[in-house]
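All remarks here apply to the structure that follows.
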Amino acid sequence: MISWLMDVWSRTHVVQIVDGGEDAGPLADRAILAELRNPSTIEAAWKLTTTGRFTGDICRCPGDTTIALHDDSGVLITSASLHGYGNISWERQRLHNDLHVADPAALHLLLATHGVPDQIPLFLTPLTDLLNLHEGHPQFRPAGNAGRQHLTERAVPHVLHPALLPLTGQQAGALSTTQLDAMNDQLTAAAPSPVDRAGILLSWLGRLPIPAEAYWGEGALIRHLLADIPRADIATAARHAPTAHTTMGVVNLALHSGDDGTLTTAIGPALRRLLPAVPTPPHSH
């Protein structure tokens with residue numbers, strides 16, 4: 001397997017990232033999401049997509065993106081489908097042997113840097129595991145004194161405690177425009193700098209349990225408060241405070257609002273630090 005991969009990559013002059021997985025039809029008919037032509041970039045993609053641990057099995061989903069290798073005449077050499085965070089299936093129907101890559105963070109950041117969409121949301125699962133943000137029971141923060149400790153643990157700004165204490169986390173995600181505007185005014189008065197405000201909100205967002213509270217509870221409230229802050233200021237806040245929770249907050253935000261590359265650039269170094277490459281045992285790649 002490795003000798004075959006070494007051969008196909010050694011003949012590769014252009015790498016195309018195309019939309020769709022195993023069930024998306026002919027590669028030539030699909031949208032090209034990115035094209036790698038620089039030799040150093042191709043070499044980086046080569047290493048990142050061939051180093052890791054082979055599973056001896058295949059993912060049952062069709063994947064959502066495909067890597068296509070072309071020779072110096074533009075002829076397709078081979079292809080591989082990407083299956084979630086760090087999983088690649090080279091010629092799945094023939095080889096039936098998925099690869100868990102050794103450095104998935106670097107791989108997805110490389111793709112994101114070259115314009116491949118929806119890479120940052122893939123970090124949600126590994127960060128959820130890292131920060132132990134799996135939800136328990138109840139799914140949402142309780143109201144009143146029973147939920148007071150939750151507000152402290154989630155680093156909720158004290159100025160918002162009086163408004164949030166009477167509400168459950170689920171109710172916090174379904175506030176009226178008037179209530180949301182009032183909270184925004186309170187927070188802005190307490191933290192006039194948009195960068196400071198973004199840092200507070202990202203840290204809070206990145207502490208919410210996945211999925212209910214982070215998607216539909218307080219997460220919906222926080223994303224509304226972030227909507228009034230310029231994306232550049234949000235990125236600055238993420239760079240200035242590259243904590244695990246702030247980084248998770250950015251991932252949550254990108255999952256719901258997309259990213260034009262600004263957020264990826266801001267949290268790339270933090271993601272590499274939080275999710276380093278996994279040492280590859282001998283003979284596993």
Side-chain angles (χ1 to χ4, degrees), residues 14-21 24 30-38 40-42 44-45 48 63-68 82 84-86 103-128 180 184 188 193-206 208 210-211 214-216 219-275:
V14 177
V15 179
Q16 289 183 338
I17 316 300
V18 300
D19 193 26
R30 303 192 209 172
I32 298 173
L33 304 176
E35 193 167 83
L36 312 182
R37 291 181 174 272
N38 182 281
S40 62
T41 305
I42 291 175
L48 290 172
D64 51 19
T65 310
T66 297
I67 299 175
L82 280 74
Y85 183 73
D103 198 350
L107 172 61
H108 293 294
L109 287 171
L110 174 70
L111 297 177
T113 299
H114 286 84
V116 180
D118 302 323
Q119 298 302 296
I120 292 303
L122 294 175
F123 288 91
L124 185 77
T125 296
L127 287 178
T128 298
L180 290 169
N184 196 31
T188 300
S193 164
V195 173
D196 291 346
R197 202 157 63 251
I200 292 168
L201 292 169
L202 290 173
S203 179
W204 176 11
L205 184 59
L208 298 178
I210 306 293
Y215 293 178
W216 305 290
L221 162 63
I222 299 167
R223 290 189 296 273
H224 177 89
L225 297 176
L226 282 166
D228 290 335
I229 301 176
R231 189 57 62 101
D233 289 331
I234 294 173
T236 298
R239 284 195 302 270
H240 287 180
T243 67
H245 290 109
T246 297
T247 302
M248 179 58 144
V250 173
V251 171
N252 184 313
L253 181 63
L255 175 66
H256 290 86
S257 64
D259 177 33
D260 60 0
T262 303
L263 299 180
T264 299
T265 301
I267 65 172
L271 288 171
R272 292 300 310 276
R273 173 176 55 82
L274 293 168
L275 301 166

Under 3.5 Å, side-chain donor or acceptor atoms of residues 248-258 against the rest of the protein: list the pairs with distances, not counting sequence neighbours.
residue, atom, partner, partner atom, Å
Asn252, OD1, Arg223, NH1, 2.9
Asn252, OD1, His256, ND1, 3.3
Asn252, ND2, Ala214, O, 3.4
His256, ND1, Asn252, O, 3.0
Ser257, OG, Arg231, NH2, 3.1
Ser257, OG, Leu253, O, 2.8

Requested in this report: May I have the step-by-step check of side chain to side chain contact (heavy atoms under 4.5 Å, CB included) for Leu201 and Ile234, ending in yes or no?
Outcome: CA-CA 9 Å; Leu201 292 169; Ile234 294 173; over 6 Å; no
Report task. Drop me the distance from Phe123's CZ to Thr247's OG1, to the nearest 0.5 angstrom. Result -> 10.5 Å
Report summary line: So CG of Leu111 and OG1 of Thr264: to nearest 0.5 Å the spacing works out to 11.0 Å
Query raised in the report: Where do Leu202 and Ala237 come nearest, in terms of heavy atoms and distance?
Result: CD1-CB, 4.5 Å
Requested in this report: Check step by step if side chain to side chain contact (heavy atoms under 4.5 Å, CB included) holds for Thr125 and Tyr85.
Outcome: CA-CA 8 Å; Thr125 296; Tyr85 183 73; over 6 Å; no
Report task. Taking the side chain as every heavy atom from C-beta outward, state whether Leu263 and Ile120 have any atom pair closer than 4.5 Å. Result -> no
For [X], which residues count as a side chain to side chain donor-acceptor pair (under 3.5 Å) partner, sequence neighbours excluded?
{"X": "Ser203", "value": "Arg207"}
{"X": "Arg239", "value": "Thr236"}
{"X": "Asp196", "value": "none"}
{"X": "Asp103", "value": "Arg272"}

Query raised in the report: When you measure from the side chain of Arg273 to the backbone N and O of Pro242, does any donor-acceptor pair fall under 3.5 Å?
Result: yes
Query raised in the report: Is there any side chain to side chain donor-acceptor pair (under 3.5 Å) pair reaching into residues 107-121, and which pairs are they, with sequence neighbours excluded?
Result: His108-Gln119
